[in-house]
Amino acid sequence: MSLFIVHHQHSPDSCPARDPVKGALLLNHLSRPNAARHGVVIRAEAVARGSHSLFFIAEAADEVVLQAFLAPFREVGEVEVTAATTCAAIVSSGGCDADIVEGSAALVDPADACQDAIEAGLLIHRVNPLNGETSVPDLAGGAVMPNGRFYLRNHFDIPNLNDDGYRLSIGGLVERPLSLSMTELHNLHAESLVVTLECAGNGRSLFEPAVPGEAWGLGAVSTAEWTGVPLMEVLERAGLLPGAKEVTFRGADSGIVDEHGALVRFERGLSIEQIRETDALLAYEMNGEPLPLPHGYPLRLIVPGWYAVASVKWLTEINVTDQPCAAHYQMEKYWYHWVREGHDEYAPVKLMNVRALISSPDQGENLPRGETAIRGVAWSGAESISKVDVSLNDGPWREARLIGERRRSAWQWWELITRLERPGPLTVRARATDMAGRSQPKRAEWNRQGYGNNSIHSVTVQVI
Ligand SMILES: Nc1nc2c(c(=O)[nH]1)N[C@H]1C(S)=C(S)[C@@H](COP(=O)(O)O)O[C@H]1N2
Ligand SMILES: [Mo]
């Protein structure tokens, strides 16, 4: 479908809208169902007051289809059709005067994916590759995040994999290399897990001094129910050979990475031991629907408890080896790099740090005096949450009520009902502690790539 702007102009003496019968005919012609019968989708229309000028935005397969639909308007005046595009397409192709790049069938059109994300309310950081986060107040809501509002983190173009031709290959140190179709995967024993995914860079923009990388606020985190086949069962079906210790996961996406100047595939690794410990899943459903294209359709890895970089999307190959994965996103990215007393120290990014976020009230909100609810979510990659404490204006920590089931790998809702007596500025802080006794620092330790920022969240509001 192509987008068009239509401008219709008639003279004041022949204004069809003045005649009730002609006016009604035009309204019926413009109705959404009638337009659809002509192969036209009307996005919006408006008449400029007092100027006998109608504008509308429409989609059609091409201009010929649209022009045929516009015949009744040509009978009563002029019609001008302008080829148009979306703001998302303009930004993704580099500005108003750039040529619109036609996508290839093997990739999802970045402008379309971006348009969907904008309509679902994501805050867009980058159109191409598409990166967007959930707004912090939106983190509150149902037990899981609706798919459209789940944050998106992509390093490259989004592959458009076709279900029919799709195969997951499992090779390397296995007795029986496998090549599984989606039908075969659907026929295997399935499990559902509610798992929180958080980008390791979530909260990066709050590090001082500033660090390079996608400048995430606090909304690069969400929770969904993932359904699929336990990874270990598929590996056992293939049969691990002696010496099989490590597994590499390859996504279908690739692109040029500055440091290499060459094509890099998105690949990550886990040891067999880590796979056993985490209950990793080969997921084909997200909240009961097939995985959406930007979230890894038709199959992705879900590694409960780990920062989401481990959860490889558009998974096509699994390779069992005796060597740890040495891929770019394993060895060159996703390492904490601390500078401690002049020394460089490194550690790989693995489990999510313990963290609470306040979803309500929102930063800068006006709160009426009296009873108010402070709410949010809290999670930890290592353990379930044991408590969340809330402090008002640096006062004593008060324990919030945990709501819902306690799950190891999914966030926990919490709430504190309190009374606000005095008008004026109020700072609310929330601090989570997990079952292993880990808690949050006032300020998380700065590291060069800005990973794992779990500083205590605070919001400031006005009590009125
Ligand atoms: N194939 C592939 N898998 C990927 C990525 C990617 O760019 N390509 N990004 C990773 C990172 S860094 C994150 S935070 C999560 C984001 O998952 P989501 O977009 O479904 O929220 O996917 C991970 N898996
Ligand atoms: Mo990420």
Side-chain angles (χ1 to χ4, degrees), residues 107-108 110 113-114 116-117 120 122-126 128-134 139 144-161 168 195-204 213-226 228 248-257 263-270 280-287 289-304 306-318 325 327-330 332-335 348-350 352-353 381 449-453:
L107 299 174
V108 171
C114 178
D116 291 345
L122 284 193
L123 307 172
I124 305 299
H125 282 273
R126 193 182 301 265
N128 208 357
L130 180 58
N131 285 312
E133 68 181 282
T134 312
L139 294 178
V144 294
M145 187 61 57
N147 290 351
R149 252 194 251 159
F150 200 106
Y151 82 94
L152 280 167
R153 173 41 167 148
N154 299 303
H155 291 79
F156 304 122
D157 291 327
I158 301 173
N160 192 357
L161 298 183
L168 171 67
V195 175
T196 294
L197 292 188
E198 182 186 17
C199 182
N202 194 29
R204 176 182 283 136
E214 210 68 13
W216 297 110
L218 292 168
V221 57
S222 275
T223 300
E225 183 187 50
W226 310 92
T248 303
F249 303 90
R250 174 177 271 195
D253 52 334
S254 61
I256 307 285
V257 167
L263 212 60
V264 164
R265 293 283 290 262
F266 190 89
E267 282 180 309
R268 288 279 304 181
L270 290 171
L281 196 67
L282 298 173
Y284 45 73
E285 271 180 21
M286 180 176 183
N287 295 325
E289 293 168 25
L291 276 181
L293 293 170
H295 290 290
Y297 180 87
L299 192 75
R300 81 177 296 173
L301 184 61
I302 291 291
V303 188
W306 282 54
Y307 278 112
V309 64
S311 295
V312 177
K313 306 194 274 187
W314 313 289
L315 181 65
T316 54
E317 280 170 56
I318 297 181
C325 173
H328 174 69
Y329 291 109
Q330 187 81 29
E332 291 160 17
K333 287 282 161 77
Y334 297 96
W335 280 72
V349 165
K350 291 185 188 169
M352 296 183 289
N353 289 332
Q449 308 289 327
Y451 296 128
N453 187 348

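Throughout, numbering of the chain's residues begins at 1 and tracks the sequence. Order of appearance sets the numbers: ligands from 1, and atoms from 1 within every ligand. Note that this is a predicted model, so its numbers are computed, not measured.
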- Is any side-chain heavy atom of Met352 closer than 4.5 Å to a side-chain heavy atom of Leu197? no
- Run the numbers for me: atoms of ligand 1, each under 4.0 Å from some heavy atom of Trp314, listed by number. 1 (N), 2 (C), 8 (N)
- Validation row: Tyr329, Glu267 side chains within 4.5 angstrom (heavy atoms): no
- Relative to the heavy atoms of Cys199, which atoms of ligand 1 are at a distance of less than 4.0 Å? 14 (S)
- Query: Of the choices Lys313, His295, Met145, which has the non-hydrogen atom that lies closest to atom 19 (O) of ligand 1?
  - Reply: Lys313
- Do Cys325 and Arg268 come close enough that some side-chain heavy atom pair is under 4.5 Å? no
- Is Ala220 touching ligand 1 with its side chain, its backbone, both, or neither, if touching means heavy atoms under 4.0 Å apart? neither
- N/O of Glu198 under 3.5 Å from N/O of ligand 1, yes or no? no
- Query: Considering only heavy atoms of Asn154, which atoms of ligand 1 have at least one such atom less than 4.0 Å away?
  - Reply: 7 (O)
- The atoms of ligand 1 lying under 4.0 Å from a heavy atom of Phe150, numbered in the order shown, are 21 (O)
- Close side-chain approach of Pro292 to Met286, heavy-atom, < 4.5 Å: yes
- among protein heavy atoms, the one nearest atom 2 (C) of ligand 1 is Phe266 CD2, 3.2 Å
- Nearest protein heavy atom to atom 23 (C) of ligand 1, by residue and atom, and its distance? Ala308 O, 3.3 Å
- Under a 4.0 Å heavy-atom limit, does Tyr329 contact ligand 1 with its side chain, its backbone, both, or neither? neither
- Query: Which residue supplies the protein heavy atom nearest to atom 17 (O) of ligand 1, what is that atom called, and how far is it?
  - Reply: Arg300 NH2, 3.3 Å
- Any idea which atoms of ligand 1 are less than 4.0 Å away from a heavy-atom of His155? 5 (C), 6 (C), 7 (O), 9 (N), 12 (S)
- Query: Which residue holds the protein heavy atom closest to atom 8 (N) of ligand 1, what is that atom called, and what is the gap in Å?
  - Reply: Asp253 OD2, 2.6 Å
- Looking at atom 24 (N) of ligand 1, what's its closest protein heavy atom, distance included? Ser311 O, 3.0 Å
- Task: Examine ligand 1 and decide if any of its atoms is less than 4.0 Å from a heavy atom belonging to Tyr334.
- Result: yes
